[in-house]
Number of protein chains: 2
Amino acid sequence: MPSSTRFAVAIHALTVLTLLRDRPSRSEDLARSVQTNPAVIRRILGLLADAGIVKTQLGQGGGALLAKEPEEITLREIYRAVEEPHLFALHRSPPYPKCYVGHNITPVLEEEFSRIEQAAGAALDKTTMADIAAQVETTAGFAFKGDLRFPQPRAAARKPA
Amino acid sequence: MPSSTRFAVAIHALTVLTLLRDRPSRSEDLARSVQTNPAVIRRILGLLADAGIVKTQLGQGGGALLAKEPEEITLREIYRAVEEPHLFALHRSPPYPKCYVGHNITPVLEEEFSRIEQAAGAALDKTTMADIAAQVETTAGFAFKGDLRFPQPRAAARKPA
DNA sequence: CCTTTGTGTGCGTGATACAGTTACACAAAT
DNA sequence: ATTTGTGTAACTGTATCACGCACACAAAGG
């Protein structure tokens, strides 16, 4: 298991953005859905923005939006944007060069790991954010109607006090 | 990148065992080739032994041996023996259940991650320790002749003092 | 212009996983 | 009985995270 949960959080946030389409999402609202701190969301959104996947609007009424169509955002792009590139680690310190194996194992491992990462990458390429959003709707059992049902949509729509 | 280098170290050690065939390898010698501490090697060998990949002989002249043929040891088995099972992590704490996305995203992520791990697993299954050993010999440019050329093969074969 | 809203970011904290290291009990061979 | 080598426990240092606070800056709207 990787130490980082950024990939899962990024997909979660992007799912919200996909469902809300043109309505900007604030980091505070995304954080509530993910159950984390707004700063964590902002950092991940920053990585996604660097990759051209999302864009953000400052100020009142602002927030994050998708920068391209959900059909064009693959899981591979997201992974590359928020996680370390390698799935497998090599030795911490280089192996003993005077040993037959130590001297020759590294390029073999690199080639082998690269081959497996390519296979995983191909699998990641098969799914887009449009697919994820559709799967979420299927899991929910009913189509998304524009309301995430956050408890406090902003201030208090139901709390007159 | 995963935090652990156990997979790479395990493949390295098993390559030595494959090349040496029936000669037991001591954790001290494996540690020198990998450039680490013998206890680290013993821990990893312990995991590989639990998985039935290696066996060890105690006492003088002892060490580690393969428990099965190199052609029957796949990278997938090795990975499973020494690493955490999951390539991707879910949220640290569960998402907000009252949110449409938070309530439904987890099973979608699990299914998607499982699909990708299967693809990686299939790629890992394609390579055996026999393949790795052969690739190391190719990289070396000459076949292994039974001598790893550790500097101090035990005591001192070349150091008369 | 000034207040409100919201992002971007730097810094400190605590938790966790890992490699590395030492030490020691136990098993096997001679 | 001595030597050799494994298995394992305990401890350390280090890196990576998520987390959370705080504050500067940008944009919108009165």
Side-chain angles (χ1 to χ4, degrees), chain A residues 1-10 12-13 17 23-32 34-50 54-65 67 82-86 88-95 152-155, chain B residues 1-10 12-13 17 23-32 34-50 54-65 67 82-86 88-95 152-155:
Chain A
M1 182 176 62
S3 30
S4 164
T5 64
R6 287 193 297 268
F7 189 38
V9 170
H12 183 148
L17 302 195
R23 290 178 175 251
S25 301
R26 302 183 308 156
S27 59
E28 187 184 330
D29 293 327
L30 292 170
R32 191 179 309 129
V34 173
Q35 290 285 67
T36 184
N37 190 283
V40 173
I41 297 293
R42 286 186 208 132
R43 271 191 280 265
I44 291 173
L45 285 179
L47 295 171
L48 293 172
D50 290 344
V54 303
K55 57 191 172 192
T56 61
Q57 288 176 358
L58 291 184
Q60 172 167 282
L65 292 169
V82 302
E83 296 280 357
E84 291 288 331
H86 289 298
F88 307 103
L90 292 177
H91 303 64
R92 276 258 235 267
S93 42
Q152 290 87 294
R154 182 62 55 97
Chain B
M1 182 176 62
S3 31
S4 164
T5 65
R6 287 193 297 269
F7 189 39
V9 171
H12 183 147
L17 302 195
R23 290 178 174 250
S25 302
R26 303 182 307 155
S27 58
E28 186 183 332
D29 292 327
L30 293 170
R32 191 178 310 127
V34 173
Q35 289 285 64
T36 184
N37 190 285
V40 172
I41 297 293
R42 287 186 206 131
R43 270 193 287 261
I44 291 174
L45 285 178
L47 295 171
L48 294 172
D50 291 344
V54 304
K55 58 190 171 192
T56 61
Q57 287 176 358
L58 291 183
Q60 171 167 284
L65 292 169
V82 302
E83 295 281 357
E84 292 287 331
H86 290 298
F88 307 103
L90 291 178
H91 303 65
R92 275 263 232 263
S93 42
Q152 290 86 293
R154 184 64 55 96

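Not measured: the values here are computed from a predicted model. Labels below follow one simple rule: chain letters A, B, ... track the order of the sequence lines, proteins then strands, and each chain is numbered from 1.
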Between the protein and nucleotides 10-12 of chain D, list every N/O to N/O distance that falls short of 3.5 Å.
from: D:dA10; atom 1: N6; to: B:Arg43; atom 2: NH1; distance (Å): 3.3

Atom CG of B:Leu90 and atom P of D:dC17 are separated, to the nearest Å, by 17 Å
On DNA chain D, more 5' by nearest nucleotide between B:Gly46 and A:Gln35 is B:Gly46
CG of A:Leu48 to OG1 of A:Thr56, rounded to nearest 0.5 Å, is 11.0 Å
Can you check whether A:Thr5 has a side-chain N or O nearer than 4.0 Å to OP1 or OP2 of D:dA18? yes
Reading nucleotides 24-30 of chain D from 5' to 3' and marking B where a protein heavy atom lies under 4.0 Å of the base, S where only the sugar-phosphate is that close, and - otherwise, the string is --SBSS-
query = So does A:Thr36 get a side-chain nitrogen or oxygen closer than 4.0 Å to the phosphate oxygens (OP1/OP2) of D:dC19?
reply = yes
**Request:** Please tell me if the side chains of A:Leu30 and A:Leu45 come closer than 4.5 Å, counting only heavy atoms from C-beta onward.
**Result:** yes
Whole-Å distance, B:Asp50 CG to D:dG7 C1', equals 11 Å
Walking DNA chain C from its 5' end, the first of A:Gly62 and A:Ala39 to be reached, judged by nearest nucleotide, is A:Gly62
When rounded to the nearest 0.5 Å, the distance separating NE2 of B:His12 from OG1 of B:Thr36 is 11.0 Å
Whole-Å distance, B:Ile44 CD1 to D:dG7 C1', equals 14 Å
Taken to the nearest whole Å, CZ/A:Arg42 to P/D:dC23 is 14 Å
Between the CD atom in B:Glu28 and the CG atom in B:Asn37, the distance rounded to the nearest 0.5 Å is 10.0 Å
Taking only side-chain N and O atoms of B:Thr56, does any of them lie within less than 4.0 angstrom of OP1 or OP2 on D:dG5?
no
Rounded to whole Å, the CG-P distance (B:Leu47 to D:dT6) equals 16 Å
B:Lys55 atom NZ is separated from D:dG5 atom P, nearest whole Å, by 19 Å
Nearest heavy-atom approach of A:Arg42 to A:Ser27 is NE-OG, 3.1 Å
Test side chain to side chain contact (heavy atoms under 4.5 Å, CB included) on A:Thr5 and B:His91 and set out the steps. CA-CA 6 Å; A:Thr5 64; B:His91 303 65; 5.8 Å; no
Taking every heavy atom of B:Gln57 against every heavy atom of B:Pro24, the minimum-distance pair comes out as OE1-CG, 3.9 Å
Heavy-atom closest pair (B:Leu17 atom, B:Leu65 atom, distance to 0.1 Å) is CD1-C, 4.0 Å
B:Ser4 and A:Ala89 have their tightest heavy-atom pair at O-CB, 3.5 Å
Note: A:Pro95 and B:Gln35 closest approach over all heavy atoms is C-CG, 3.7 Å
The answer to which of A:Arg92 and B:Ser27 contacts DNA chain D further toward the 5' end, by nearest nucleotide, is B:Ser27
Taken to the nearest whole Å, CD1/A:Ile41 to C1'/C:dT9 is 16 Å
- Message: Looking at the base of C:dG6, is there any donor atom on it, or on the side chain of A:Arg26, that sits under 3.5 Å from an acceptor on the other one?
- Response: no
note: A:Asn37, atom CG; D:dC19, atom C1'; distance rounded to Å ~ 6 Å
